[in-house]
Peer 1: 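Can you read through this structure? Questions will come right after.
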Amino acid sequence: MSAFDSNRLQKLRRNLLAWYAKHARDLPWRRTGKPYAIWISEIMLQQTTVAAVVPYFERFMRRFPTVVKLAAAEEEEVLRHWEGLGYYSRARNIHRTARVVTTELGGRFPDDVSSLEKLPGIGRYTAGAIVSFAFDKPAPIVEANTLRLHCRLLGYDEDPRTAAGQNVLWDFAERILPRKQPGRFNQAVMELGSQVCTPKEPACERCPLKSVCVAFANGTQAELPRPKKRQVLTDVTEATVAVHKDGRYLLYRRGENERWAGLWDFPRYQINGETGAALAAKLESQIQESTGISSAIGDRLVEFRHGVTRYRIRLLCYSAEYCEGRLKRGTELKWVRSEEFSAYPLSVTGRKFARHLENLSP
Ligand code: SF4
């Protein structure tokens with residue numbers, strides 16, 4: 001930190017803003033400057049790249065152009081517009097926040113960090129982004145791009161994800177923030193982190209901050225930030241079943257405490273090494289228990305592999321024919337034609353299986 005005296009800070013700000021004036025990308029949420037659009041884009045950009053977010057953002061804003069329209073929508077429709085972005089708790093929180101802003105705050109977003117942080121799904125970074133980008137008030141930000149950039153600028157070689165590391169980075173983010181145009185400055189910091197100070201092979205030769213960067217001076221940019229410890233992945237096998245009755249398939253809506261809460265899915269169960277007749281019997285009994293109907297497991301149709309948090313999942317997809325019984329009361333179960341699948345928000349693998357079934361339909 002001591003390496004950044006006021007002359008060095010001035011140089012950093014000057015060089016960065018001059019670079020940004022020439023290199024800022026034209027992104028749809030930057031054109032509006034409205035807190036609603038900035039909030040939606042920032043939540044979408046968590047865990048997702050800019051290129052992937054742009055089409056989702058544009059479609060979402062066409063359907064929900066204001067916070068009032070979003071608040072008035074059913075959660076299921078919001079989830080349907082989020083489908084494919086993953087981390088669905090973000091979409092449910094967006095919907096909850098839209099309702100709080102509309103009913104309790106008169107449709108206006110607060111312009112200070114502490115009030116914003118009280119809203120569902122808004123943390124310190126998102127609050128700082130809304131306050132600085134939309135209201136042009138000074139609020140520091142640290143997210144993945146700025147974390148990397150600041151570690152290198154400071155030559156910080158401890159773990160930046162610990163509480164101590166976070167303090168160092170947030171302090172630095174606050175210290176470098178100018179009083180004039182803090183929103184533009186924060187956007188410039190993020191843009192440089194994503195476009196120049198990239199995770200692998202940062203483009204130091206064309207970086208406007210190389211004259212103030214400690215990592216560049218020490219030649220340590222490839223080693224910083226210190227990498228996360230690798231997470232150990234656990235292998236899991238699951239089975240999902242397309243139970244068929246009179247041209248329709250059985251879907252259920254995932255409950256509040258389940259993975260992908262609020263989305264629809266084909267019945268899905270964890271399996272523990274069973275195969276053949278033993279697996280079919282187990283699935284038939286689980287279907288009976290969870291839905292109330294009896295069915296006969298048929299062929300394995302397809303298999304997908306996917307990851308969820310620390311699990312590496314092998315998903316075996318089966319067909320089954322309905323035999324008898326009525327759907328349990330009090331559960332969200334529906335018989336749905338394959339042509340109607342597109343109206344239901346599904347998990348990513350649920351959607352892949354649905355497309356497979358659509359292609360099988362005559
Ligand atoms: Fe990142 Fe290199 Fe620029 Fe330093 S000089 S901020 S390491 S791109």
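Keep in mind that the numbers below use all heavy atoms, side chains included, and drop hydrogens, waters and symmetry copies. As the structure lists them, so they are numbered: ligands from 1, and atoms in each ligand from 1.
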Peer 1: For Arg96, which residues count as a side-chain hydrogen bond (donor to acceptor under 3.5 Å, both in side chains) partner, sequence neighbours excluded?
Peer 2: Asn93
Peer 1: Using 30° and 60° as the class limits, which term best fits the ring planes of Tyr249 and Phe341: parallel, tilted or perpendicular?
Peer 2: tilted
Peer 1: In chain order, what residues pass the side-chain hydrogen bond (donor to acceptor under 3.5 Å, both in side chains) check against Asn218, with sequence neighbours excluded?
Peer 2: none
Peer 1: Students should be able to answer this: which protein heavy-atom is nearest to atom 6 (S) of ligand 1, and at what distance?
Peer 2: Leu149 CD1, 3.6 Å
Peer 1: Regarding Asp246 and Arg248, does a basic nitrogen lie under 4.0 Å from an acidic carboxylate oxygen?
Peer 2: no
Peer 1: Could you check, using the six-membered ring where one of them is a Trp, whether Tyr156 and Phe172 have ring centers closer than 6.0 angstrom?
Peer 2: no
Peer 1: Using the side-chain hydrogen bond (donor to acceptor under 3.5 Å, both in side chains) criterion, which residues pair with Thr126? Sequence neighbours excluded.
Peer 2: Gln46
Peer 1: Listing residue and atom name, which protein N/O/S atoms are closer to atom 2 (Fe) of ligand 1 than 2.8 Å?
Peer 2: Cys204 SG
